[in-house]
Protein chains: 2
Amino acid sequence: MAGDKGPRRSPQEAVRAVREDIIRGVFAPGERLTEDALATRYGVSRVPVREALRVLEAEGFVEAKPYIGVFVRELSEAEAEDLLELRSVVEPMCAARAARNRTPEQLGRLKELLNLGWDAVHDGRLTEVPRLNSRFHEVIAEASGSEVLGQMIRQLSQKIAWVYAVELPRRAEDSWREHEEILEALAAGDADRASALLAEHIAKATNAYRRRVREAAQAPEDPAPTAARTGGD
Amino acid sequence: MAGDKGPRRSPQEAVRAVREDIIRGVFAPGERLTEDALATRYGVSRVPVREALRVLEAEGFVEAKPYIGVFVRELSEAEAEDLLELRSVVEPMCAARAARNRTPEQLGRLKELLNLGWDAVHDGRLTEVPRLNSRFHEVIAEASGSEVLGQMIRQLSQKIAWVYAVELPRRAEDSWREHEEILEALAAGDADRASALLAEHIAKATNAYRRRVREAAQAPEDPAPTAARTGGD
DNA sequence: GGGCGAGGGACTGTATACGACAATGGTGGC
DNA sequence: GCCACCATTGTCGTATACAGTCCCTCGCCC
């Protein structure tokens, strides 16, 4: 062990920890990540860190250059658009399946996430919202019933969270209202309605994202830095 | 070094090697993969093997159980259907982008793959066809111009190859004729036509797959084992 | 004879050590 | 004063070694 500084996370969670830190913007795009620094940060050895970085490379969050190091990738605007379009066709399909296959236990988890999300929004704990949002969509993916499909959507969802890390909190309240309607459709087993609601939900989120990008382009200086990374869809 | 038995592959290629062996069916679904065995097989140490297995786990090819081992996943029929449906919406979208963004160099690679595919089909070297087919679709994904999108589609393409490992060779000839038309549309920059052709291509491949499954269900004994794992789309 | 528990074997998970390569700073020559 | 070359340093890539956990078998007891 090196420094025992980190929060002593289980090494199994190293992947998740690094990925979350990337999504939350702790590590900036283009930044170089050294295995040693990450190892001491998370309180583990280099081996688990290496494994985590390989996974993140496969997922597209970092880029590894041999004998040099791994670098946090940066998402171009065009790539973000592609992800959003991809999502707009994939997630409604996923929701339709989920409406048919969801278990009561999954509905319960969605309801719980919905409550947590509402509370976080109303209490102003906006830093927690993106994570809850991701979880909500991931559970829907899981509820689709297909493990392979769910895994793929989960990756997509995480990248989307990366995109939305810069969205405005203004939309958060609307977003969770829409989540509520989606959950109702899933609970009722209405595949068509669930699919349509999710399509609409994503379209609105995409528009909010585009507005945010346009505003940022007009005012290069972020007008409210504390408001960043608190949005979601 | 452990055994020096393997073909002395570069460790960088360990991931690719294991994945290909899984796709080709060298490792049967449900089979347990021990790190040591893989290490000696590929002539590397356990560490690169572990990293490879983690990546494959993230990609959904294997399932890791803590302190027990990793097992080759098996694709249920329902999951295969989901993958095919996912593909039917994602790849046409990808083709449309590729028609606009493809570089001459990428067109050249596609043309080369097309020739290789035709030759393999006509010479009866059917074991090489699925790999060439995967490559063809992967280059289209790359030509879409979005790195993140391409990476995601590449993973999808690999899983599809896994599904099609059981397809009939009967379709191979039609498939490569369709590839030729797709390439023409891409070269012409006709996004709509490329998208439509790819949608049709995938629909036919999906039907062929479904026929194959139905026939297999009627005759549990594989009537022509040498014909398996030689198809593609 | 059957069930339960302890012990051994095997494998995974992790840490440490060493060699290979790239980047960087200093020194010498021009 | 500037540029090229070389040594040094830092990091990655890999191998080896050790600790923790699970499974399975063998022996004991009921």
Side-chain angles (χ1 to χ4, degrees), chain A residues 1-22 26-74, chain B residues 1-19 21-22 26-73:
Chain A
M1 182 107 0
D4 266 295
K5 288 184 183 177
R8 202 87 181 94
R9 287 183 142 100
S10 160
Q12 272 289 47
E13 292 180 6
V15 188
R16 183 177 295 267
V18 180
R19 180 166 45 214
E20 273 186 18
D21 282 346
I22 290 177
V26 175
F27 303 125
E31 184 174 344
R32 179 179 182 180
L33 300 178
T34 66
E35 297 176 356
D36 234 330
L38 292 178
T40 58
R41 178 184 174 89
Y42 300 113
V44 294
S45 163
R46 270 183 55 212
V47 178
V49 170
R50 280 183 62 84
E51 292 173 6
L53 290 177
R54 288 288 188 200
V55 171
L56 292 176
E57 185 189 10
E59 290 178 354
F61 285 103
V62 301
E63 189 175 4
K65 298 182 180 177
Y67 289 104
I68 299 177
V70 304
F71 298 84
V72 179
R73 293 206 39 189
E74 46 191 324
Chain B
M1 184 90 20
D4 267 295
K5 287 184 182 176
R8 203 92 180 93
R9 288 183 141 101
S10 159
Q12 272 287 49
E13 292 180 6
V15 188
R16 182 177 295 267
V18 180
R19 180 166 44 214
D21 282 345
I22 290 177
V26 175
F27 303 125
E31 185 174 343
R32 178 180 183 179
L33 300 178
T34 67
E35 297 174 357
D36 233 329
L38 291 177
T40 58
R41 177 184 174 91
Y42 299 111
V44 294
S45 163
R46 269 182 56 209
V47 177
V49 170
R50 280 183 63 84
E51 291 173 4
L53 290 178
R54 290 286 189 202
V55 172
L56 292 176
E57 185 191 8
E59 289 178 354
F61 285 103
V62 301
E63 186 177 6
K65 301 182 180 178
Y67 288 103
I68 298 179
V70 304
F71 299 83
V72 180
R73 294 207 39 189

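Sequence lines set the chain letters: A, B, ... in the order given, protein chains first and strands last, and positions in each chain run from 1.
Atoms CD (A:Glu51) and P (C:dG13) sit 8 Å apart, rounded to a whole Å. If you take CZ of B:Arg46 and P of D:dA17, they are 13 Å apart, rounded to a whole angstrom. Note: CG (B:Leu38) to C1' (C:dA10) measures 16 Å, nearest angstrom. What separates CG of A:Asp36 from P of D:dT11 is a distance of 7 Å, to the nearest Å. The nearest whole Å value for the distance from the CZ atom in A:Arg54 to the P atom in D:dG13 is 6 Å. The CD-P distance, from A:Glu63 to D:dC12, rounds to 15 Å in whole Å. With rounding to whole Å, B:Arg32 atom CZ is found 7 Å from C:dC11 atom P. If you take CD1 of A:Ile68 and P of C:dA22, they are 8 Å apart, rounded to a whole angstrom.
The residue B:Leu33 sits close only to the backbone: its heavy atoms come under 4.0 Å of sugar-phosphate atoms, none of a base.
Residues that satisfy the side chain to side chain contact (heavy atoms under 4.5 Å, CB included) test with A:Phe71, not counting sequence neighbours, are A:Arg32, A:Lys65, A:Ile68.
Remark: the backbone N or O of B:Ala28 is paired with a side-chain donor or acceptor of B:Glu31 at under 3.5 angstrom.
To the nearest 0.5 Å, atoms CD (A:Glu63) and CG (A:Leu56) are separated by 13.5 Å.
Listed candidates were C:dG13, C:dA15, D:dG13. Nearest to the side chain of A:Pro48 is C:dA15. Nearest to the side chain of A:Glu35, among D:dT14, D:dC12, C:dA22, sits D:dC12. Picking from C:dT12, D:dC12, C:dT16 the nucleotide with the shortest atom distance to the side chain of A:Thr34 gives D:dC12.
Applying the 4.0 Å criterion to OP1 and OP2 of C:dA15, one finds that A:Ser45 has a side-chain N or O inside that range. The shortest distance between the side-chain N/O atoms of B:Arg50 and the OP1/OP2 oxygens of C:dG13 is below 4.0 Å.
Comparing A:Val47 and A:Val70 by the nucleotide of DNA chain D that holds the closest heavy atom to each, the one mapping nearer the 5' end is A:Val70.
Note on residues 44-53 of chain B: pairs passing side chain to side chain donor-acceptor pair (under 3.5 Å), not counting sequence neighbours, are A:Arg50-B:Glu51, A:Glu51-B:Arg50, A:Arg54-B:Glu51, B:Glu35-B:Arg46, B:Glu35-B:Arg50.
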* To do: Evaluate the criterion side-chain contact (heavy atoms from CB on, under 4.5 Å) for residue pair A:Val18 and A:Tyr42; output intermediate values, then yes/no.
  => CA-CA 9 Å; A:Val18 180; A:Tyr42 300 113; 3.5 Å; yes
